[in-house]
Amino acid sequence: QKIFQTSFIPLQFMGEVVLETYKCEECDEAFSFKSNLERHRRIHTGEKPYRCNECGKTFSHMSSFVYHYRLHSGEKPYKCNECGKTFSHMSSFVCHHRLHTGENPYKCNECGKAFSGQSTLIHHQAIHGIGKLYKCNDCHKVFSNATTIANHYRIHIEERSTSVINVANFSDVIHNL
């Protein structure tokens, strides 16, 4: 196990212990890299250094800007070798590709049934009465807890260039799926 420099709070990073941390003075969240802390601080400052020249929307993260910009450009750099379908985002391509391979990496701990997507597994687990489910009304992804959906919803906040999380955009707990 590789050890980085020593300091206060041990963190895990790709299986390695990281002892030096960078702590946010606003919320006490800790990061193993200074660049991650600097990116995180934008949540508190509201800084959005990435601007779309097409529509003027601004973004706090480069990845969110690239995700958004592909809506304008129509760029779809990920192509399925099986059927030729193209995708704007790697995550969409990976989920699609599992249709061809039959890969089901998400397994239910209750009954052993396996699924191609995490969201599908979360839906399934409702039949076992496992956890509460929250559905994003913007993109219909499903999450197992309120914190996770709130973190996810930041993507939609940046798309709208607003800083308010509207709890009404989360469906109530989903039952009997």
Side-chain angles (χ1 to χ4, degrees), residues 1 9-18 24 27-33 36 39-40 42-43 59-71 74-160 162-177:
Q1 207 175 40
I9 308 166
L11 295 175
Q12 284 292 119
F13 176 71
M14 295 179 68
E16 299 174 339
V17 176
V18 179
C24 176
C27 68
D28 292 333
E29 192 164 343
F31 299 89
S32 54
F33 297 99
N36 291 346
R39 191 169 32 253
H40 164 80
R42 294 179 190 149
I43 293 169
F59 302 88
S60 58
H61 298 94
M62 172 64 95
S63 59
S64 299
F65 167 70
V66 169
Y67 188 95
H68 164 82
Y69 191 74
R70 287 185 180 150
L71 298 173
E75 178 188 11
K76 295 184 176 185
Y78 307 102
K79 184 177 181 180
C80 177
N81 291 334
E82 300 289 325
C83 67
K85 189 169 182 178
T86 57
F87 300 88
S88 298
H89 308 290
M90 174 65 94
S91 59
S92 300
F93 167 70
V94 169
C95 288
H96 166 81
H97 194 256
R98 289 182 183 140
L99 297 173
H100 298 298
T101 65
E103 180 188 7
N104 293 315
Y106 300 97
K107 188 175 181 180
C108 178
N109 292 332
E110 290 293 312
C111 68
K113 191 171 181 179
F115 302 89
S116 61
Q118 185 177 24
S119 185
T120 311
L121 170 62
I122 292 169
H123 270 100
H124 164 80
Q125 287 175 327
I127 67 170
H128 299 299
I130 299 171
K132 296 179 178 180
L133 299 179
Y134 302 88
K135 181 178 177 184
C136 176
N137 287 339
D138 282 10
C139 68
H140 309 292
K141 286 186 178 180
V142 177
F143 300 88
S144 58
N145 64 62
T147 302
T148 307
I149 194 170
N151 288 334
H152 159 80
Y153 199 68
R154 290 179 183 163
I155 294 167
H156 302 301
I157 290 169
E158 288 191 350
E159 288 172 354
R160 291 189 186 96
T162 180
S163 61
V164 178
I165 293 179
N166 183 352
V167 179
N169 284 322
F170 310 145
S171 290
D172 292 335
V173 176
I174 301 169
H175 296 285
N176 302 323
L177 294 178

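Keep in mind the model is a prediction, meaning the values are calculated, not measured. The chain is numbered in sequence order, starting from 1.
Under the side-chain contact (heavy atoms from CB on, under 4.5 Å) rule, Ser116 has a single partner from Thr101, Val94, Asn104, which is Asn104.
Taking the six-membered ring where the residue is Trp, His100 and His96 present perpendicular rings, their angle passing 60° and hence far from 30°. Taking the six-membered ring where tryptophan is involved, the planes of His124 and Phe115 are tilted, since the angle between them lies from 30° to 60°. Between His89 and Tyr67, the ring planes are parallel. Angles under 30° get that label, and only those over 60° would be called perpendicular.
When every heavy atom of Ser60 is checked against every heavy atom of Arg42, the shortest pair comes out as O-NH1, 2.5 Å. For the pair Tyr106 and Gly117, the tightest heavy-atom approach, listed with the atom from each and the gap, is CD1-C, 3.4 Å. Between Lys79 and Phe93, the shortest heavy-atom contact is O-CE1, 3.6 Å. The minimum heavy-atom distance between Tyr78 and Met90, with the atom names listed, is CE1-N, 3.2 Å.
Residue Phe33 holds its CZ atom at 10.5 Å from CZ of Arg39, rounded to the nearest 0.5 Å. Atom NZ of Lys76 sits about 8.0 Å away from atom NZ of Lys85, to the nearest 0.5 Å. Rounding to the nearest 0.5 Å places CD of Glu29 at 5.0 Å from NE2 of His40. In this structure, CG on Leu99 lies 8.5 Å from SG on Cys83, to the nearest 0.5 angstrom.
Between Cys136 and Ile149, the closest side-chain pair of non-hydrogen atoms falls below 4.5 Å.
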